[in-house]
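Indexing begins at 1, ligand by ligand and atom by atom, following the structure's order.
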Amino acid sequence: MNFTSRLRQNDLLIGTMLTIPAPEVAEMIAKCGFDWLFMDGEHGALSILEWQRMMQAVGGRCPNVLRVPGCTEQDIKKALDIGADGIIVPMVNDAGQAQQAVDWSKYPPRGRRGIGLARAQGYGLDFGDYMATADDGIALIVQAEHIDAVDNIEAITQVDGIDAVFIGPYDLSASMGKTGEVEDPEVVAAIDRVTLACRQNNMALGYFGVSAASVRPYIDQGYNLICAGVDAGFVTAGASAVIETFEA
Ligand code: 3PY
Ligand code: MG
């Protein structure tokens, strides 16, 4: 079963974030048993061609979900054309932006995605199959990560074509004047409001945490799209642990 079907049927999907511009890192982590890879094209240095190389290195071992730089036609079209199994659109703060994400993700007549012949379409060889399955088979995930999104969450969750709402706790806390205080009661209350609206509209929920421990409370609440940790953090934590044994 593909990533999008598993997301919609509320399977627990544990992923981790890729930020290091090296296909070898994507290849290594794809072998580790995660359910999906959160490829971060919003922050950091990676360009769209490098993401394509990363997806090629993953080679179908694990679903690739690319966070696009923004909610624009170009960003979404290119992410889909290089073969993402899903996209995450950051900073979707109202229903109008959510509708834009749908429009740029779905082919006519449902949306306004342009027709290309790229990796996703098998360079043309899989064009027919891809056209028949892409609209429904690729996950569209929007991020609720600003207090404006929380205020508009009921309308956002009603936009047809959105598969999940993914909380960005760091940006959300920053928008509330509490940068990084992801367990602050007001930040948690804002997240609770998103949780409730998603539950009422049968919408899958996602959460990012820097560690397994930080995502656990959200798994316990029924969130199913989980991103735990970041590749660079795995490298620095491993390297620090080695040097610390000599410093003791
Ligand atoms: C945030 O915490 O702002 C994020 O976008 C995490 O994915
Ligand atoms: Mg964010």
Side-chain angles (χ1 to χ4, degrees), residues 3 7 12-20 25-26 29 34-46 51 54 62-72 75-76 79 84-94 97-98 100-101 139-153 156 162-195 198 203-219 221 223-234 236:
F3 172 80
L7 177 64
L12 179 59
L13 300 167
I14 307 286
T16 196
M17 193 182 283
L18 299 183
T19 65
I20 299 175
V25 173
I29 292 184
F34 288 99
D35 298 299
W36 66 292
L37 300 174
F38 182 139
M39 301 183 151
D40 190 9
E42 180 196 13
H43 296 290
L46 275 143
W51 283 120
M54 306 270 277
C62 194
N64 305 309
V65 181
L66 183 57
R67 174 160 69 180
V68 295
C71 188
T72 72
D75 290 335
I76 292 176
D85 297 293
I87 57 167
I88 298 176
V89 184
M91 284 287 172
V92 173
N93 292 342
D94 60 37
Q97 288 169 358
Q100 284 233 295
L140 174 56
I141 301 152
V142 296
Q143 278 200 268
E145 55 175 350
H146 192 283
I147 194 63
D148 291 349
V150 177
D151 289 337
N152 293 317
I153 195 64
I156 292 172
I162 307 282
D163 295 298
V165 170
F166 193 96
I167 305 277
Y170 288 91
D171 277 312
L172 175 59
S173 61
S175 78
M176 299 174 73
K178 295 169 181 285
T179 304
E181 296 172 49
V182 300
E183 291 175 12
D184 176 273
E186 280 180 39
V187 175
V188 172
I191 295 174
D192 286 347
R193 181 167 162 196
V194 175
T195 308
C198 289
M203 176 77 69
L205 274 156
Y207 187 84
F208 165 82
V210 289
S211 65
S214 60
V215 298
R216 179 57 64 186
Y218 290 90
I219 296 176
Q221 285 182 51
Y223 278 53
N224 71 313
L225 185 63
I226 298 295
C227 179
V230 181
D231 55 5
F234 301 146
T236 55

Report yes if Arg67 has an N/O atom closer than 3.5 Å to an N/O atom of ligand 1; otherwise report no.
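Looking only at distances, the answer is yes, because the N/O contact criterion of under 3.5 Å is met.
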For ligand 1, find out whether one of its N or O atoms is nearer than 3.5 Å to an N or O atom of Pro169.
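Such a contact does occur with ligand 1.
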Hey, which atoms in ligand 1 end up nearer than 4.0 Å to a heavy atom of [X]?
X	answer
Phe208	6 (C), 7 (O)
Gln143	4 (C), 5 (O), 7 (O)
Asp171	1 (C), 2 (O), 3 (O)

Do Ile156 and Asn93 come within less than 4.5 Å of each other through their side chains, counting heavy atoms only?
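No - every pair of side-chain heavy atoms lies 4.5 Å or more apart.
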Side-chain touch Leu12/Ile219, heavy atoms, less than 4.5 angstrom:
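Yes, side chains in contact.
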For the Mg ion (ligand 2), decide whether Glu42 has an N, O or S atom at a distance under 2.8 Å.
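Within the cut-off used here (under 2.8 Å), Glu42 places no N, O or S atom near the Mg ion (ligand 2).
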Passing option when Asp231 is tested against Thr16, Thr236, Thr19 for side chain to side chain donor-acceptor pair (under 3.5 Å):
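Option passing the side chain to side chain donor-acceptor pair (under 3.5 Å) with Asp231: Thr19.
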Hey, which of Val188, Ile147, Val187, Asp184 is the one that makes side-chain contact (heavy atoms from CB on, under 4.5 Å) with Ser173?
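Of Val188, Ile147, Val187, Asp184, side-chain contact (heavy atoms from CB on, under 4.5 Å) with Ser173 is met by Val187 alone.
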Spell out, as yes or no, whether a donor-acceptor pair under 3.5 Å connects the side chain of Arg193 to the backbone of Asp151.
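Pair found, side chain donor or acceptor close to backbone of Asp151.
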Using the ring centroid of each side chain, check whether Trp36 and Phe38 are separated by less than 6.0 Å.
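Ring-ring flag for Trp36/Phe38: true, centres closer than 6.0 Å.
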Please determine, by modelled atom types, if Asp75 and Thr72 share a side-chain donor-acceptor pair under 3.5 angstrom.
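Asp75 vs Thr72: donor-acceptor pair found between side chains.
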Report the part of Tyr170 (side chain from C-beta onward, or backbone N, CA, C, O) that has a heavy atom under 4.0 Å from ligand 1; answer both or neither where that applies.
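Both backbone and side chain.
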Metal site angle (apex the Mg ion (ligand 2)), OD2 from Asp171 and OE1 from Glu145, 10 degrees
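Rounded to 10°, it measures 100°.
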Between Ser175, Gly168, Cys227, Gly180, flag the one that comes closest to atom 1 (C) of ligand 1 by a heavy atom.
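The nearest heavy atom belongs to Gly168.
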